[in-house]
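Everything below concerns the one structure shown next.
Because the structure is predicted, anything quoted here is derived from the model rather than measured.
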There are 2 protein chains.
Amino acid sequence: MNKKTTIYDIAQALNITVSTVSRALSGFPAISEATKKAVTETAKRLNYSPNKLASALKSGKTHTVGVIVPSVQAQFFASIIHCIEDGLKEYGYRIIIYQSNESVDNEINGVRTLLEAQVDGIIASMSLETVNVAHFEEIINQNKPLILFDRVHDALNVPTITLNDFEAGYAATQHLIEMGYKRIAFITTVHQIKIFNNRLRGYKAALADLQLPVLEEHIIYGGLSVVDGELGAEKLLQMNNQPDAIVAGDDFTALGVVNKLKEAGKTPPEVGVIGFANEVFSEYITPNLSTIDQHPAQMGKECAKMFLNMIKQENFYQNVEHIVLNPTVIGRQSTRKI
Amino acid sequence: MNKKTTIYDIAQALNITVSTVSRALSGFPAISEATKKAVTETAKRLNYSPNKLASALKSGKTHTVGVIVPSVQAQFFASIIHCIEDGLKEYGYRIIIYQSNESVDNEINGVRTLLEAQVDGIIASMSLETVNVAHFEEIINQNKPLILFDRVHDALNVPTITLNDFEAGYAATQHLIEMGYKRIAFITTVHQIKIFNNRLRGYKAALADLQLPVLEEHIIYGGLSVVDGELGAEKLLQMNNQPDAIVAGDDFTALGVVNKLKEAGKTPPEVGVIGFANEVFSEYITPNLSTIDQHPAQMGKECAKMFLNMIKQENFYQNVEHIVLNPTVIGRQSTRKI
DNA sequence: CTGAAAGCGCTAACAA
DNA sequence: TTGTTAGCGCTTTCAG
């Protein structure tokens, strides 16, 4: 393998200096058309490819943004990542992805790795485990843009893009009530994550506003998964005061609930079920599943836009914006009470 | 913001030279325990964070691998990416993701971007549009490891991780025949991509081996999506010689087929349906969908392993390995002929 | 419009 | 065991 060609090779070939080559290549105005053309052609002829590493080292800008998510395997995050990458790509930014797998240690590692890679900023959604946020503060201390989405944290005074989770919980519950259900249960996670608490608050508020009692035994704390949904439904079915509808923490949990209800001969919409996230499968299962759309595509777009805005600012954290997206109820068969 | 601390600051603080600091930090053996300890402590005290960019520029190794996929939104690729990242992480490599969105131009751009970012290697799956592979050859010319998975290309003499697609097509068809179906149609894409051709060959071979006729009119060339599945099924339902089972190009297409069959009162398994990819939803739709598992997790793991192996070699392309995974038939209700 | 030269932060050969 | 020094490839200030 012959060595990679650098601007030195181009300079040598044309008997000019590297600075001229550099300027010609980077569209510097005060350059004669002739030399610019000569440089461009020679670059192509020698198959020159710029070393962004060197320019990054010099300029301090890598044009790379770090993205930390629990896992790219969740539809919600995949969709967001897709849109972040798409939104940044046309402005010359690429993204490095780091998955926390819902572990704080991984997350801490991720922040460190990304900072060492000299990313120009970080866009993140926290792991379920994360309580202490010192690692995120380090990003701010290094005076780099940090943007949080969906799973955010109040202790961090940074821009956020979130869903109105209170409203999501409220709307889901209200939807069920409007469809005629009266004893509504709620399955959520044990983790003290803001978004789940907010949904729960929304649930309680909707019940209160519509004159229905809030029963603590109808709130199930567990995990979020198909299996957890089955477990939750089982518990609820064993109660004396059985619910006639269930709000499940996400669509997978809702799916588990649906399975268990079918088994028990109470196929939705006999007992109403609504989930969160509008996963791909929700539309296609039987009965198809009512859910709350969390607009991940829009969230991703806003993240990208927010980053691009931030780097234009003198002081990144001067006026910290908080964008809140509104959830949308998607009513399908699983809540269509006859 | 005070400037970031570098090894110079540490050196100055301890009245030693940067080389000593560098050596102490990188675990160089010939260093006294005392200085090593002093350096480590001072580093921590000054909140030192290494600039990997500088070391990468110097050493020519970024410890970053570029990954190019059509889209992270497809479950299959998300799963592979997850496993690649996981497999490389513990060896100190991170990944940069580039999505082609099934466009060659994006893909060409992706290769260029990643090479300019000086990645240590690239792991890719080609876009549906890709015919010419000159951009991938550039990676080889730069003497960097290139690994292709799933959507590969014969013109490129590089390591590959693929599914045995012939076998996948064969097994899907055989499964239907074993379940008692006799007139089996096949919906595939118009794109001349090897994997789809191989599946088609497998389909034809299975029919031939089991003494069933191959009917050209039963092979539908279109796109792969829910809508395309509906269109394909519609065409097949209008024929005089209607099929009694359909192999669909992927699970989304299969889903469209199922929808249309339900509409026509021929709900599977009355007409059998099998897809490819084992998407999350396949298990949960009604009737739940038979499919071919393509083992994305294993594929991702193998990609990571292959890369780690390759960089150990003197000459990356000395003995090019081709790993072929075997598909697994997952038989569910949609092919359970009564 | 172009050239000379310093330096981004780190590594490593060579010297001591 | 530690210091000196050159340089990775590029940008940019200052001079011409």
Side-chain angles (χ1 to χ4, degrees), chain A residues 1-40 42-43 46-64 92 115-120 142-144, chain B residues 1-40 42-43 46-64 92 115-120 142:
Chain A
M1 197 58 213
N2 32 4
K3 290 203 57 63
K4 282 196 59 182
T5 74
T6 72
I7 52 173
Y8 280 88
D9 302 316
I10 301 176
Q12 200 162 31
L14 293 172
N15 248 319
I16 54 178
T17 60
V18 284
S19 31
T20 307
V21 175
S22 171
R23 285 190 275 249
L25 252 24
S26 58
F28 194 75
I31 279 278
S32 78
E33 272 309 315
T35 46
K36 190 182 284 186
K37 196 170 156 224
V39 168
T40 321
T42 315
L46 300 180
N47 196 21
Y48 169 73
S49 160
N51 184 334
K52 298 279 181 186
L53 228 56
S55 94
L57 177 59
K58 181 67 192 168
S59 68
K61 294 271 153 277
T62 53
H63 291 273
T64 301
L115 286 178
E116 289 179 2
Q118 310 299 118
V119 293
D120 289 350
Q142 290 205 11
N143 196 30
K144 293 197 168 166
Chain B
M1 196 56 214
N2 31 3
K3 290 203 58 62
K4 282 197 58 183
T5 75
T6 71
I7 51 173
Y8 280 88
D9 302 317
I10 301 176
Q12 201 163 29
L14 293 171
N15 248 322
I16 55 179
T17 61
V18 285
S19 37
T20 308
V21 176
S22 172
R23 286 189 275 249
L25 251 24
S26 59
F28 194 75
I31 277 280
S32 77
E33 273 308 317
T35 47
K36 190 183 282 185
K37 194 168 159 228
V39 167
T40 320
T42 316
L46 298 180
N47 196 20
Y48 168 74
S49 160
N51 184 334
K52 297 278 182 187
L53 229 55
S55 95
L57 177 59
K58 179 71 190 165
S59 68
K61 296 270 153 275
T62 53
H63 291 272
T64 302
L115 286 178
E116 288 179 3
Q118 311 299 118
V119 294
D120 289 349
Q142 290 204 13

Rounded to whole Å, CD1 of I16(B) lies from P of dG3(D) at a distance of 6 Å
For dC10(C), does either OP1 or OP2 sit under 4.0 Å from a side-chain N or O belonging to S59(B)?
no
Discussion item. Over all strands shown, is S19(B) touching base, sugar-phosphate only, or nothing at heavy-atom distances under 4.0 angstrom?
Written reply: base
Are the side chain of S59(B) and the backbone of S55(B) linked by a donor-acceptor contact shorter than 3.5 Å? yes
- Task: Kindly indicate whether the side chain of K4(B) and the base of dG9(C) share any N or O donor-acceptor pair separated by less than 3.5 Å?
- Result: no
### N/O donor-acceptor pair, side chain Y8(B) with base dC10(C), under 3.5 angstrom
yes
(message) With a 4.0 Å limit, can you tell me whether T17(B) has a side-chain N or O closer than that to the phosphate oxygens OP1/OP2 of dT4(D)?
(response) no
Taken to the nearest whole Å, NZ/K58(A) to P/dT13(D) is 9 Å
What contact category does L57(A) fall into here, base, sugar-phosphate, or nothing, at under 4.0 angstrom with non-hydrogen atoms? base
What residues 47-54 of chain A contributes to the DNA chain C interface at heavy-atom separation below 4.0 Å is none
query = According to a strict under-4.0 Å criterion, is S55(B) in side-chain N/O contact with OP1 or OP2 of dC10(C)?
reply = no
(Q) Regarding dT13(D), can its base be found pairing with the side chain of R23(A) as donor and acceptor, where the two atoms are less than 3.5 Å apart? (A) yes
**Asked** According to a strict under-4.0 Å criterion, is S32(A) in side-chain N/O contact with OP1 or OP2 of dT2(C)?
**Response** yes
